[in-house]
Amino acid sequence: MKIYNTLARRKEEFATRDPGTAGIYVCGPTVYGLIHVGNARPYVFFAVLARYLRSIGYDVKLVENITDIDDKIIERANHEGMAPGRLAAAFSRAYVDDTLKFGLERPDVEPKATEHIQEIIDHCRRLVDTGMAYESGGSVYFRVDRFAGYGKLSGQKTGQMKHCELVREGEAKESPLDFAVWKASKPGEPSWESPWGPGRPGWHIECTAMSLKYLGQSFDIHGGGRDLIFPHHENEIAQAEAVSGGGFARGWMHVGMITTKEEKMSKSVGNIFLLREFLKQYDPRVLILFFMGAHYRSPLEFSEVNLEEAAGRLERFKNCFWKVDSVIGETAAAAAPPEGRLLEDSIGLTAQQFEAEMQDDVNTAGALAALFGLVRSINEYAELASAAGSADAGLLGRASDLLRRLLGILGVEITEADYAGKAAPQELLDLVALREQARREKDFAAADAARDRIAAAGYEIRDTPTGPKLVKK
RNA sequence: GGCGACGUGGCCGAGUGGCUAGGCAGAGGUCUGCAAAACCUCGUACAGCGGUUCGAUUCCGCUCGUCGCCUCCA
């Protein structure tokens with residue numbers, strides 16, 4: 001399998017540290033607010049990657065942190081007049097709620113920064129002990145110029161950075177580029193005792209400490225949004241490798257930005273769409289299919305038409321499953337089913353193409369195309385079966401099972417509840433009967449009125465050779 | 001100023017040194033009382049200018065344009 005490694009700036013053959021197992025660390029949220037749809041893209045993507053790797057036999061450990069202590073949390077808490085700890089706890093819960101409602105499973109480990117203060121302090125101490133960091137005014141700063149590899153991820157050269165505003169009030173740093181790994185806390189701020197006095201974790205050191213704790217040195221993939229490359233991930237590399245002498249994450253994967261009006265969706269721009277707001281208006285799978293339609297590294301425009309298109313994809317899949325059930329239900333086993341060679345071939349080709357696309361830097365857009373190929377083949381066969389009055393249920397079952405399984409890897413689950421009208425309330429079934437009666441009497445106005453009432457109740461009528469069927473919309 | 005990415009048919013969006021992406025929308029047809037769903041047919045697009053090549057959308061250079069990052073953004 002090939003995966004694009006930001007560090008190497010090219011696709012590389014994916015080889016894990018320990019054969020058969022993959023350790024993945026994804027930068028999770030800093031819980032100072034509700035997450036928006038842009039934040040959700042990496043979580044969705046890495047869940048897909050984890051599922052795919054599992055499907056080909058890897059034992060995957062996916063770690064996604066929750067950063068529950070940070071300047072912005074304190075800032076927001078002060079603004080709201082509540083304790084930072086309470087605010088962080090509330091937004092942590094909101095994050096978990098939102099992502100669960102969205103259909104994301106929990107990662108294997110979901111560590112919180114405040115529960116790893118000891119590991120963080122130990123890490124800072126090692127940095128100080130080796131001279132890679134120094135204490136100043138109760139804070140601990142990383143000496144950027146002592147770390148030769150600084151800039152290797154982002155390609156930034158320290159001499160050419162804009163660093164006019166890098167020194168904040170109250171900071172006493174040896175160099176403007178140095179960054180805090182431990183911050184002295186002001187009175188009233190959350191703090192933990194440390195060798196340098198009361199303070200709290202600094203520059204995303206929790207990611208460094210926790211990834212090493214749960215995945216060990218030289219773990220396989222560290223990921224997150226593109227915007228984290230610099231300085232976040234660059235600094236993580238510095239913090240980690242300054243202690244170990246090398247070997248932090250082997251591969252770095254970065255997910256492209258979600259944009260609106262071609263501008264990055266971000267809180268500071270103010271063009272965000274909260275995940276929970278999205279879920280009030282759309283099926284979660286619409287967002288997943290929207291994400292899956294583009295390569296994970298590409299920017300993706302969040303717009304009404306693009307979402308409608310994603311919704312159309314979901315419909316096409318649902319209709320296909322409906323068709324399979326419907327055709328199996330309506331045909332008799334007695335007659336000879338149509339030749340199934342093409343569908344048989346399509347099953348093999350789809351599985352093959354899906355694999356090839358996923359193996360090529362997780363090309364979900366290509367994988368989706370493969371699935372639509374299978375949809376077409378299934379529909380074609382269903383047409384023939386319907387005309388012949390007989391279907392090879394085993395063949396259709398195998399085809400739809402494959403479709404279901406591969407969609408599942410992408411994070412889209414479609415069940416009978418999505419389309420089946422069998423469980424429709426009796427009054428709707430009565431309306432269907434009423435419409436049939438009206439149609440027989442050529443009273444089409446009455447028939448259409450019945451159909452409209454059924455539509456208003458969230459069902460659609462589809463007339464088939466064996467009579468009308470209700471489909472849940 | 002520095003680093004990086006990108007410009008594909010009406011729209012979205014893969015991909016490739018010569019061979020079908022796919023979806024949505026649209027046109028025509030089949031089916032239907034009309035629809036819906038589905039099927040069939042239909043679009044020769046790769047920002048511009050040079051170069052390499054038998055041949056470039058694909059490789060190289062330049063130009064134009066867009067976007068991200070450059071200290072606390074996913």
Side-chain angles (χ1 to χ4, degrees), chain A residues 6 9 26-30 35-43 45 67 70-72 144 151 154-157 159-163 165-168 176-180 183 202-204 223-232 234-235 254-259 262-269 289-290 293-295 297-301 303 305-306 308-313 315-316 318-320 322-323 326-327 353 357 360 363-373 375-376 378-380 382-384 386-387 439 442-444 447-448 451 455 460-465 469 471 473:
Chain A
T6 308
R9 290 181 185 67
V26 179
C27 286
T30 298
I35 66 160
H36 58 72
V37 296
N39 297 318
R41 172 133 91 147
Y43 308 143
F45 173 73
T67 295
D70 143 286
D71 287 0
K72 283 189 175 165
V144 168
S154 61
Q156 304 285 336
K157 294 186 186 70
Q160 275 154 334
M161 291 179 193
K162 290 186 188 173
H163 44 69
E165 292 170 38
L166 298 189
V167 183
R168 283 149 193 275
L177 286 171
D178 294 347
F179 57 89
K183 291 183 161 187
W203 179 262
H204 289 283
R226 270 203 90 76
D227 52 353
L228 296 185
I229 293 174
F230 192 90
H232 188 148
E234 194 71 63
N235 288 1
H254 291 102
V255 178
M257 295 294 106
I258 296 299
T259 60
E262 303 201 335
E263 195 173 22
K264 175 185 166 185
M265 182 180 290
S266 77
K267 288 167 190 143
S268 51
V269 179
L289 285 167
F290 166 67
H295 186 91
R297 281 187 282 122
S298 305
L300 187 55
E301 174 76 7
S303 68
V305 284
N306 288 353
E308 273 168 27
E309 187 177 328
R313 290 185 185 127
E315 280 305 299
R316 189 152 168 82
K318 281 188 194 175
N319 286 331
C320 181
W322 173 80
K323 193 101 181 155
S326 169
V327 110
Q353 194 191 337
E357 296 288 3
D360 183 12
N363 188 349
T364 54
L368 260 190
L371 298 190
F372 283 117
V375 166
R376 172 145 303 193
I378 289 172
N379 284 333
E380 277 168 3
E383 283 291 300
L384 294 174
S386 191
R439 289 176 76 205
K442 305 261 188 254
D443 181 358
F444 296 123
D448 291 347
R451 183 166 62 195
E460 183 176 275
I461 289 191
R462 287 182 193 161
D463 291 324
T464 74
K469 300 228 162 118
V471 184
K473 295 306 285 181

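Chain A is the first sequence line, chain B the second, and so forth, proteins listed ahead of strands; every chain is numbered from 1.
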In whole angstrom, what separates [X]'s [atom1] from [N]'s [atom2]?
| X | N | atom1 | atom2 | answer |
| --- | --- | --- | --- | --- |
| Q156(A) | G4(B) | CD | C1' | 8 Å |
| R462(A) | A36(B) | CZ | P | 11 Å |
| F290(A) | G13(B) | CZ | P | 8 Å |
| E301(A) | U66(B) | CD | P | 15 Å |
| K473(A) | A37(B) | NZ | C1' | 8 Å |
| E383(A) | U30(B) | CD | C1' | 9 Å |

Between [M] and [N] - [atom1] atom distance, rounded Å:
| N | M | atom1 | value |
| --- | --- | --- | --- |
| C60(B) | C6(B) | P | 11 Å |
| G51(B) | A56(B) | P | 11 Å |
| C3(B) | G10(B) | C1' | 36 Å |
| G48(B) | G7(B) | P | 13 Å |

Check: [N] base within 3.5 Å donor-acceptor of [X] side chain:
| X | N | result |
| --- | --- | --- |
| N379(A) | C40(B) | no |
| D448(A) | G33(B) | yes |
| R451(A) | C34(B) | yes |

Ring-base stacking, F444(A) with G33(B) (5.5 Å, 30° cut-offs):
yes

Show the nearest heavy-atom pair for residues G202(A) and K183(A), with the distance to one decimal.
CA-CG, 4.1 Å

Closest contact, heavy atoms only, C27(A) versus Y43(A):
O-CE2, 3.8 Å

From C-beta outward on [X], which listed nucleotide comes closest to its side chain: [options]?
| X | options | value |
| --- | --- | --- |
| S298(A) | A14(B), C39(B), C72(B) | A14(B) |
| F230(A) | U71(B), G4(B), C72(B) | U71(B) |
| K183(A) | C24(B), C72(B), C3(B) | C72(B) |
| R439(A) | U71(B), C12(B), U32(B) | U32(B) |
| H36(A) | A38(B), C70(B), A74(B) | A74(B) |
| D463(A) | G23(B), C34(B), C12(B) | C34(B) |

H204(A): partners by ring pair (Phe, Tyr, Trp, His ring centres under 6.0 Å), with sequence neighbours left out:
H232(A)

Is the backbone N or O of G151(A) less than 3.5 Å from a side-chain atom of E234(A), with the two atoms forming a donor-acceptor pair by type?
yes

By the 4.0 Å heavy-atom rule, please label [X] as base, sugar-phosphate, or nothing.
| X | answer |
| --- | --- |
| E357(A) | nothing |
| N319(A) | sugar-phosphate |
| D227(A) | base |
| H295(A) | sugar-phosphate |
| I229(A) | nothing |
| G202(A) | nothing |
| G312(A) | nothing |
| K264(A) | base |
| L300(A) | sugar-phosphate |
| A294(A) | sugar-phosphate |
| I461(A) | base |

Within the structure provided, determine whether [X] and [Y] are in side-chain contact (heavy-atom separation under 4.5 Å).
| X | Y | answer |
| --- | --- | --- |
| R41(A) | M257(A) | no |
| N319(A) | R316(A) | no |
| K267(A) | N39(A) | yes |

Reckon [X] has a side-chain N or O less than 4.0 Å from the OP1 or OP2 of [N]?
| X | N | answer |
| --- | --- | --- |
| R226(A) | C67(B) | no |
| R376(A) | A38(B) | no |
| R297(A) | A74(B) | no |
| N363(A) | G15(B) | yes |

Salt bridge present between R313(A) and E309(A) (N-O < 4.0 angstrom):
yes

Dot-bracket notation for RNA chain B, counting Watson-Crick and G-U pairs under 3.5 Å, with | for partners on another strand
(((((((..(((.....[...))).(((((.......)))))....(((((..]....))))))))))))....

Restricting both atoms to N or O, compile the protein contacts to nucleotides 42-46 of chain B shorter than 3.5 Å, with distance only.
none

Which of these, K264(A), M265(A), H36(A), sits in a side-chain contact (heavy atoms from CB on, under 4.5 Å) with I258(A)?
M265(A)

